[in-house]
Each structure stands twice: as C-alpha cells, then as structure tokens.
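Notes to accompany the following structure.
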Amino acid sequence: MWSSRNIAWCLAVLSLVEMCAGVSSITVGMLESRRTRATLKSHHGEGAPVWSGVAFLICGLCGMLCARRRTGLMMILFCACCIGGLISGILNVQFVRAAARRADFMSPLQLASLSLACVGMCGCALSSWLTCRLASAEQQRMFIERELSLRHSAETTQKSKSGCSSK
C-alpha cells in the first residue's frame, strides 16, 4: 500500500504535467485562432483549446494545493476541477474534430490540440483516482491516530483509578 506521502508526491508530479499541458494547449489554441482569423473563417469552438487549457491549468494548480494541504475540502475542490477538466477536454476534442471535418484535413495545430487534450484528460482521470487513494490513506491515518488517542486516554483513566483505589 502506498503511503500518503508517496501519493501526494505522485499527485504533485501529475499536477505539474497537467499545468504544462494547460499552458501548451493555451498556446496552441491562440496560434490556431490567429491562423483561422488570417483566413477570415471563424468557426464555432475555435477557442476550445484555450478554454480547455485554462481548465487544465486550474486543475494542475488545485492539484499542487491538494498535494500540499491534504484536507477534505481541498480534495473535493480538486476532484471538481478534475471533472471540469475532463468535460472541457472532451468538448475540445469534439470541436476540433468538427473543424477538421469541415476542412477535410487536419492541420498540425489541430493534431497538437487533440494530443494535448488527450494528455490533459488522462491527467485529470489519473488525478481523480489518486485523490481518492489519498483520501482513503488520510482517513485511515486519522482513524489510527484516533484509536491510539482513545487507547492512551483509557490507559490513563485505568492508571488513575488504580492509583486512587490503592490509597
């Protein structure tokens, strides 16, 4: 079984990958928007790589915070961000595929956008799984601490009772 520290370290590395995918997706989306504006053909969803990149970037930042502060509220926030990242990645793939279908070919920027969306979505899915593992490890750690505390207080109570009865 992985320790809470190992899971948090893996989550931090995965969050760094998500942030890189987010920044790269924003860059590719801006370049793609510039290319479509130059040809004067605007399409619905041309900014999808930018928005999915923003979602991946936010997800990566929340993942870094979650790896650092392992509170329940932070884990819930991070899981919500991961779900948002997955949804935005799926929408990005659908919009880019529709744009490629209209043009009858796929540009290298569209291929890069699809690849980055896949990396981001895989990162979000793995991060959600790791967060569940982290929550389980933290819950088990808190249970053990509580059990030890109860044992200690029970032993202290028994010692004080036996000390009072011998007097």
Side-chain angles (χ1 to χ4, degrees), residues 1-140:
M1 176 152 166
W2 287 5
S3 70
S4 182
R5 180 177 288 172
N6 290 344
I7 296 171
W9 185 83
C10 288
L11 192 61
V13 170
L14 199 54
S15 295
L16 187 64
V17 169
E18 283 183 51
M19 287 191 307
C20 291
V23 170
S24 301
S25 185
I26 290 170
T27 306
V28 167
M30 292 176 133
L31 292 172
E32 182 69 23
S33 290
R34 184 179 291 166
R35 186 183 68 83
T36 56
R37 285 190 188 143
T39 61
L40 299 174
K41 293 180 182 177
S42 67
H43 300 290
H44 292 296
E46 73 180 31
V50 174
W51 290 111
S52 67
V54 169
F56 296 148
L57 187 61
I58 290 171
C59 189
L61 290 172
C62 286
M64 289 297 227
L65 286 174
C66 183
R68 188 152 174 88
R69 296 183 196 158
R70 292 172 237 162
T71 63
L73 203 56
M74 188 57 68
M75 289 182 208
I76 291 169
L77 173 71
F78 180 54
C79 277
C81 287
C82 285
I83 291 169
L86 279 169
I87 291 170
S88 70
I90 291 168
L91 288 174
N92 181 17
V93 167
Q94 292 302 318
F95 281 129
V96 171
R97 281 183 59 220
R101 211 174 283 145
R102 275 192 301 271
D104 291 332
F105 72 96
M106 186 173 291
S107 73
L109 287 175
Q110 289 173 332
L111 187 61
S113 177
L114 287 175
S115 300
L116 289 169
C118 290
V119 168
M121 288 187 302
C122 288
C124 286
L126 285 172
S127 293
S128 295
W129 178 72
L130 277 176
T131 305
C132 290
R133 295 277 309 229
L134 182 64
S136 175
E138 285 295 312
Q139 185 179 22
Q140 188 174 18

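Atoms considered below: every heavy atom in the structure, side chains included; atoms not considered: hydrogens, waters and symmetry mates.
- The side-chain contact (heavy atoms from CB on, under 4.5 Å) test applied to I83 returns I87, not counting sequence neighbours.
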Would you check, one step at a time, whether the test side-chain contact (heavy atoms from CB on, under 4.5 Å) holds for L11 with F78? CA-CA 11 Å; L11 192 61; F78 180 54; 3.6 Å; yes
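- Once rounded to the nearest 0.5 Å, the distance linking CD1 of I7 with CH2 of W129 reads 8.0 Å.
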Review item, side-chain donor-acceptor pairs of residues 60-69, under 3.5 Å, at least two apart:
none

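- When all heavy atoms are compared, the tightest approach of V50 to I26 is O-CG1, 3.7 Å.
- Between atom OG of residue S52 and atom CG of residue L116 there is a gap of 8.5 Å, rounded to the nearest 0.5 Å.
- Residues C81 and I58 share a closest heavy-atom pair of SG-CG2, 4.1 Å.
- Using modelled atom types, one side-chain atom of S128 and one backbone atom of C124 make a donor-acceptor pair closer than 3.5 Å.
- For the side-chain contact (heavy atoms from CB on, under 4.5 Å) test, residues two or more places apart in sequence or in another chain that qualify with C79 are T131.
- For the atom pair I90 CD1 and Q94 CD, the distance stands at 8.5 Å (nearest 0.5 Å).
- Annotation: side chain of N92 is in contact with side chain of S113 (closest heavy-atom distance under 4.5 Å).
- The list of side-chain hydrogen bond (donor to acceptor under 3.5 Å, both in side chains) pairs with a residue in residues 11-22, not counting sequence neighbours, reads E18-S127.
- Applying the side-chain hydrogen bond (donor to acceptor under 3.5 Å, both in side chains) test to Q110 and every residue at least two apart in sequence or in another chain returns nothing.
- V93 meets the side-chain contact (heavy atoms from CB on, under 4.5 Å) test with R97, L114, A117, M121; sequence neighbours excluded.
- Of all non-hydrogen atoms in S88 and F56, the two that sit nearest each other are OG-CE2, 4.4 Å.
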